[in-house]
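Everything on this sheet refers to the single structure shown next.
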Amino acid sequence: DDKYMKKIDTQYISEKKADLDEIKYIVDNLFTEDSEEWLCLYDTSEKNPNYVQIHSDIEYFEDDALNFLTQVLQIPLDNIDEIEGIYLVECRKYKDKADFRHYRAFFLDADVVYSYFETYINDEEINVEGWYDVTEEF
């Protein structure tokens, strides 16, 4: 049913039909000069207002990012300085129109990040276990 479909927005793209190859390219190049800076994948169906997004700028979330990397991903702090880019990943899940939870996590591995977008495109549930519940920010 083409009436409802997955679409992407980025810094430079709006409401473009989602394509996994393009998403992979954007994720892989998020920290390069070709960066789209952020990417949001969503469904145009009212039945699925959930979405998943990434951002390359973690300026306001550095403490959260370091905590997540060390505590959740178990990355030793002495390796933190070698990290070139940290993906900020967010997932919003709605129970109904008014009731949602918003989750945030931080990852270093482009393939892991890409897998969340792939999961969403396949209409599978994104596992946010261990992610920060930041609903109160919204």
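The residues of the chain are indexed from 1 along the displayed sequence. This structure is a prediction, so every number in the text was calculated from the model and none was measured.
Enclosure of atom CD in Glu129 is not indicated, since only 12 or fewer non-hydrogen atoms of other residues, nucleotides or ligands lie within 6.0 angstrom. Around the CZ atom of Phe138, the shell of radius 6.0 Å holds more than 12 heavy atoms that belong to other residues, nucleotides or ligands. Counting non-hydrogen atoms of other residues, nucleotides and ligands closer than 6.0 Å to CD of Glu33 gives a total of 12 or fewer.
Judged purely by atom type and a 3.5 angstrom limit, Ser56 uses its side chain to pair as donor or acceptor with the backbone of Glu37. Looking only at distances, no side-chain donor or acceptor of Asp9 sits under 3.5 Å from a matching main-chain atom of Cys40.
When all heavy atoms of Asp57 and Leu88 are compared, the pair lying nearest together is O-CD1, 4.2 Å. The shortest non-hydrogen separation linking Glu22 to Ile8 is OE1-CD1, 4.0 Å. Shortest non-hydrogen contact noted between Thr44 and Met5 is OG1-N, 2.8 Å. Nearest heavy atoms, Val27 versus Ala110: CG1-O, 3.5 Å. Taking both residues in full, the closest heavy atoms of Trp131 and Ala105 are given as CD2-CB, 3.4 Å, listed atom of the first, atom of the second, then distance. The minimum heavy-atom distance between Leu30 and His55, with the atom names listed, is CD2-C, 3.9 Å.
Comment: Lys7 does not engage Asp19 in a salt bridge, judged by the lack of any side-chain N to carboxylate O separation of less than 4.0 angstrom.
With rounding to the nearest 0.5 angstrom, the CG atom of Leu69 is 4.5 Å from the CD1 atom of Ile75. With rounding to the nearest 0.5 angstrom, the CZ atom of Phe68 is 6.5 Å from the OH atom of Tyr132. Summarising the geometry, atom CD1 belonging to Ile23 is positioned 4.5 Å from atom CG belonging to Leu41; distances are rounded to the nearest 0.5 Å. The structure places CD1 of Ile54 at 10.0 Å from CD of Glu36, a figure rounded to the nearest 0.5 Å. Taken to the nearest 0.5 Å, the CZ atom of Phe100 stands 3.5 Å off from the CZ atom of Arg92. Separation of atoms CG (Asn67) and CD (Glu62) is listed at 12.0 Å; rounding is to 0.5 Å.
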- [ ] Could you give me the CA-CA distance, side-chain angles and deciding distance for His102 and Lys93, then say whether side chain to side chain contact (heavy atoms under 4.5 Å, CB included) is met?
- [x] CA-CA 6 Å; His102 197 95; Lys93 298 186 176 196; over 6 Å; no
Open item on the list: What verdict does the side-chain hydrogen bond (donor to acceptor under 3.5 Å, both in side chains) test give for Gln53 and Glu90, after you've listed the backbone C-alpha separation in whole Å, the side-chain angles of each residue and the deciding distance to 0.1 Å?
Closed with: CA-CA 5 Å; Gln53 62 189 20; Glu90 293 185 327; 2.7 Å; yes
Open item on the list: If you apply the rule ring pair (Phe, Tyr, Trp, His ring centres under 6.0 Å), what do you find for Tyr51 with Tyr42, and how did you get there?
Closed with: CA-CA 5 Å; Tyr51 61 84; Tyr42 58 97; 8.1 Å; no
TODO: Take Thr135 and Asp133, measure what side-chain hydrogen bond (donor to acceptor under 3.5 Å, both in side chains) needs, and give me the verdict at the end.
DONE: CA-CA 6 Å; Thr135 308; Asp133 184 336; 2.5 Å; yes
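Trp38 and Leu108 fall into different hydrophobic clusters, defined by Ile, Leu, Val, Met, Phe, Trp and Tyr side-chain heavy atoms under 4.5 Å apart, directly or through other members.
Looking at Phe107 and Leu73, their side chains come closer than 4.5 Å, going by heavy atoms from C-beta outward.
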Return a table of donor-acceptor pairs under 3.5 angstrom between the side chains of residues 111-122 and protein atoms on other chains or two or more places apart.
residue: Asp111; atom: OD1; partner: Lys24; partner atom: NZ; Å: 3.0
residue: Ser115; atom: OG; partner: Val112; partner atom: O; Å: 2.5
residue: Thr119; atom: OG1; partner: Ser115; partner atom: O; Å: 2.8
residue: Tyr120; atom: OH; partner: Asp43; partner atom: N; Å: 3.1
residue: Tyr120; atom: OH; partner: Asn48; partner atom: ND2; Å: 3.4
residue: Tyr120; atom: OH; partner: Asn50; partner atom: O; Å: 2.5
residue: Asn122; atom: ND2; partner: Glu118; partner atom: O; Å: 3.1

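Applying the ring-ring contact (aromatic ring centres under 6.0 Å, His included) rule to pairs touching residues 12-36 yields Phe31-Tyr87, sequence neighbours excluded.
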